[in-house]
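When reading the values below, keep in mind they use all heavy atoms of this one structure, side chains included, and skip hydrogens, waters and symmetry mates. Naming convention: chains lettered A, B, ... in sequence-line order (proteins, then strands); numbering from 1 in each chain.
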Amino acid sequence: MILTQFLVLGAVLFSLGIYGLLSRRNAVTVLLAVELMLAAVNINLVAFEAFWNTPAAHGQIFAIFVITIAAAEVGIGLAIILLVFRNRASGNVDELDLLKW
Amino acid sequence: MVTASAAAAAPLFLAAGEEHAPELAAGGFFAGGAWIMLVLPFAAFLGIVLFGKRMRKQGAELAVGAMGVNLLWASVLFVQNMLGGIHREVNLTIADIGRLGGVDLSFELGFVVDGLSIMMYWVVAFVGFLVFVYAVGYMEGDVRVPWFFASLSLFAGSMLVLVGAPNLIQLIIGWEGVGLASYLLIGHYWEQKENSDAAVKAFLTNKVADVGLILGAILIGVSLGGFRFSDLSRAAAEHSHALEGVAFAGGLLLFLGAMGKSAQFPLHVWLPDAMAGPTPVSALMHAATMVTAGIYLMARTFPLYQNLAAEARQWMIPIAVITLFVLGFLALTANDLKQVLAYSTVSQLGYMMAAVAAGGYTAGLFHLFTHAFFKALLFLGAGSVIHAVHSNNMSDMGGLRRKMPVTFWTFVVGSLALAGVIPLAGFWSKDEILATLSHEGYTAFMWVAVAGAFVTAFYMTRAVALTFFGTYKGHGHPHESPRMMTGPLVALAVPTVIAGFFNIPGVSWGPIGNFTEWVGARVVTMGDYHPSAIEWDLAAYGLAAALAGIALGWWLFSPEAETQAARDRLEIPVLYPLLRRKYYIDHLYMHGVVNPIKGPLARGVDWVNGHVIDAAVNGVGLLTAWLGRLVYGRLDQQGIDLVLNAAAGGAGGAGGRLRLLQSGKVQQYAGGFVVGALVLVAVLVIVT
Amino acid sequence: MTFSDWLAEPVNWAFLALALPMTVAAVRVVTSRNVVHAALFLVLTLAASAGLFILLSAEFVAWVLVLVYIGAVIVLFLFGIMITRAPIGRETDLSHAGRWPAALASLAVLALTLWLITAVSGQVEGFDGPLPAVGVATDSAILGEGFIMRYLIPFEAVGFILLAALIGGITLARKDLTPAEEEEAERV
């Protein structure tokens, strides 16, 4: 196994995530796309860890950090979606344009 | 009393990186712990923000308590410095900035305790403490009291960080902190649009000037190889070659910064509008914390101007003199009592700046010192009146002399001091400025300053007559304010009467010396001019001008006359409309600067906007980049062509128009973000 | 290293067996018309990436991924889908009209990243060589030490963020009663 194959896989996953982030209407699916991007980052982190082979396994530690933060992000994100849905009866991001003005 | 006790200073952790001028004492425990004064208001700020709502006085006790401790601390230092000059400077390296212009620069924090900063500490703490106490009474039952006191603490704390700064970087931190706190306080009643507009105006106008300050700091710091004031002073005193080339530009840039904070023409426009804040804020802002910052900066960097940047001073004096004379006139037509005082502050700041620019370090600071007392007194008095009649307008006042005796008498004392009537504080400090201008050869400007004293006396008499004499024209039954408010008035009246005696030319008060010696305790000697004996002829001119102003004011606005008719008598055809509209300076900024930028920009942005809506969702990213170039080109072009104020107006106008670009669609923003990040990464890769 | 050399290694077969379904699943995550399906495809993607982690001898990370993601996060997602009454069946407009610019942007990202990989590969020593750490499982004791020694402060910070997210989630999602309902509740 070489490093490049993991990096390419990560790049593919990341750009798929970006595609989903930008193109999905449903807020939950947007969050799913974000998770995809985070998974890509994790693959890169672990692969680079295997490449540099640091004694303290920094890459893996950071991957775990990313997983933890992602869990927090999903929790908050879904709570927000829930709240928005309750107030506006819609979970579609393109109908949420209150950010203007 | 004043012994350099290393043992006393040892326990303080900041003891590293200290230095002091060899001929001055190190000041012992209180000087070594002066950083406590810089930290306490911020602790109070945090405490109020976190717990203020639950406290009995809504956090006011924390603010007043912190200021009280500061006042005691500063008073001890003040007395120590009276008995023998103190200099101590502590620098703590926080981080390395890196190499800039071939020198290694580092970011340091610390504090400086010397004659100048001790004087400022004390003035800020004294006026601040009294204003805080007063505000407890004034703000009773008002909106957002905890936040108000938190912001006041932030205000005073930032000012202390500013005056305690041993280097330009920390000064800028305090400087911006003062700007931020003033923004919060001016806009305290933000429910009304004018108030938040005034806050934005103050912030933007100051930002224009801050550009000068920051550029000046960088220029001087890079040429000097460091940002410390003590190094700057020493280098300037030795006529350092490194500084010689940049002294003129650097001096003018720093002065531009001072022009904003200290409201010098033509950047004074924010100060009268800043009256939108609650009155204690105005008192604090005008007397001790905000507007004095510019004068302080000039005094702190005085050796630079004295020894190297003589050409810069030739530019500074006319601006200061225009400020003191031309803008003083605006107080004549103001109906708002606080506006009268605001313009008088602008004019007095002109006096201070003129003195410092002419080489009168002590004279300028002395006027700052005395002015702090009587201007705080006047504002608090005005606040007391406003509190009683529920209006800012003098047309709603009148006849309050018997109803509010304490306010009346203290206000009169303050007005006489401001007008410069012997033997009150203002007379002595103004006289010293006149003497400095005359001695340094600026005779014409000296006469303008005398004329300014006449105008000052005139409008203050008008204000007193319209407010306290004649018949009451407002509604309700005004009565004297509570003790919490009259107490500070009386406490401020005392130094208003006696402060002037501490710097009578040629007089030294035994062991405590005089003001000149107090503020002269600096790392290098100032070499400024201060008169050695009273120059009676100049004193007579100043006094005559003041008395003539009072007489004319009294004749026009005396209680016997029908005041309204008397006001009409004043409406001189050309002058009156000119003054009412503040010399059209605001109009000029609006139509000459803001609109020409706003118009084309708005059209351009509108065009873009139409296309953005039509375009596909993610096109917005590319368009934003394109628009950025358009805005940049416009702003840049206009910015080069127009006066500096263009930046402020342009930013305001551009912001107002650019927000139309926002569709509110999150994914458009995300798309823009992705494209932007892509471009950045590509640029980064290509460049490296 | 040629492609056939690469393919000769059996471990790369395992890699392909994981990566190809993973990519397909990822594509389905962002294109599926059914939200529940999308979430389940994400499970597949993540499970595959856990498998990749095991290939890379990062067992601990792999199991954390399984526990946290597949065990908890996906459940959370499914609850979110149900509570927000997101269209569970097939849905024609789950993606909106802006999908072509979105595809363009993501392709641009892909192109840039791939270009970066090729640009860098020549400059770093051993970039094309075998990964050195593979084969020996990373001792989780090392990770534990890292968490409580070198990365103690980030670790605490992350813990704090989780707590904040927990409280924030509860606060946001809690249904506030109207004054009338509150009165009703008090009466009972």
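- Note that the CD1 atom of A:Ile81 and the CZ atom of C:Phe77 stand 7.5 Å from one another [nearest 0.5 Å].
- The stretch residues 59-69 of chain C participates, sequence neighbours left out, in these side chain to side chain donor-acceptor pair (under 3.5 Å) pairs: A:Glu35-C:Tyr69.
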Fill in: CA sep, side-chain torsions, deciding dist, call: A:Leu36, C:Val30, side chain to side chain contact (heavy atoms under 4.5 Å, CB included)
CA-CA 9 Å; A:Leu36 214 51; C:Val30 294; 4.0 Å; yes

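- Taking non-hydrogen atoms and a 4.5 Å limit, the residue list of residues 113-120 of chain C in contact with chain A, ordered by number, reads C:Thr113, C:Leu114, C:Ile117.
- When heavy atoms are compared at a cutoff of 4.5 Å, A:Leu16 approaches chain C by way of both its backbone and its side chain.
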Discussion item. Test side chain to side chain contact (heavy atoms under 4.5 Å, CB included) on C:Phe79 and A:Leu78; report intermediate values, then the result.
Written reply: CA-CA 9 Å; C:Phe79 267 112; A:Leu78 283 174; over 6 Å; no

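- The CG atom of C:Leu56 sits 9.0 Å away from the CD1 atom of A:Ile43 when rounded to the nearest 0.5 Å.
- Contact annotation for A:Leu31: both backbone and side-chain heavy atoms come within less than 4.5 Å of a heavy atom of chain C.
- Neither the backbone nor the side chain of A:Ala40 has a heavy atom closer than 4.5 Å to any heavy atom of chain C.
- Here CG of A:Asn53 is found 9.5 Å from CG of C:Leu131. Values are rounded to the nearest 0.5 Å.
- For a residue to count as touching a neighbouring chain, one of its non-hydrogen atoms must lie under 4.5 Å from one of that chain's; by this rule A:Leu45 does not touch chain C.
- Atom CD1 of A:Ile2 and atom CZ of C:Phe15 lie 9.0 Å apart (nearest 0.5 Å).
- Here the CD1 atom belonging to A:Ile76 is positioned 10.0 Å from the CD1 atom belonging to C:Ile167, to the nearest 0.5 angstrom.
- The most heavy-atom pairs under 4.5 Å with chain A, out of C:Gly146, C:Pro154, C:Gly168, come from C:Pro154.
- For chain A, the nearby part of C:Leu46 is the side chain; its heavy atoms alone come within less than 4.5 Å.
- Taken from OG in C:Ser32 to CZ in A:Arg24, the straight-line distance is 6.0 Å, to the nearest 0.5 Å.
- Among residue pairs with one or both ends in residues 157-176 of chain C, none qualify as ring pair (Phe, Tyr, Trp, His ring centres under 6.0 Å); sequence neighbours excluded.
- With chain C as the partner, the residue from A:Leu7, A:Leu32, A:Leu82 showing the most heavy-atom pairs under 4.5 Å is A:Leu32.
- Listed here is the closest heavy atom pair of A:Leu83 and C:Leu172: CD1-O, 2.9 Å.
- Both the backbone and the side chain of C:Leu65 have a heavy atom closer than 4.5 Å to some heavy atom of chain A.
- Of the atoms belonging to C:Thr45, it is side-chain heavy atoms, and not backbone ones, that fall under 4.5 Å from chain A.
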Quiz: residues 56-73 of chain A side-chain donor-acceptor pairs under 3.5 angstrom, not counting sequence neighbours:
from: A:His58; atom 1: ND1; to: C:Tyr151; atom 2: OH; distance (Å): 3.0
from: A:His58; atom 1: NE2; to: C:Arg150; atom 2: NH1; distance (Å): 3.4
from: A:Gln60; atom 1: NE2; to: C:Thr138; atom 2: OG1; distance (Å): 2.8
from: A:Thr68; atom 1: OG1; to: A:Ile64; atom 2: O; distance (Å): 2.6

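- A heavy-atom distance below 4.5 Å is not found between the side chains of C:Val61 and A:Glu49.
- Closest approach of A:Ser23 and C:Ala102 over heavy atoms only: CB-CB, 3.8 Å.
- If you measure heavy-atom distances from C:Val68 to chain A, the contacts under 4.5 Å come from the side chain alone.
- With chain A as partner, the option from C:Phe41, C:Phe53, C:Phe60 having the largest number of non-hydrogen pairs under 4.5 angstrom is C:Phe53.
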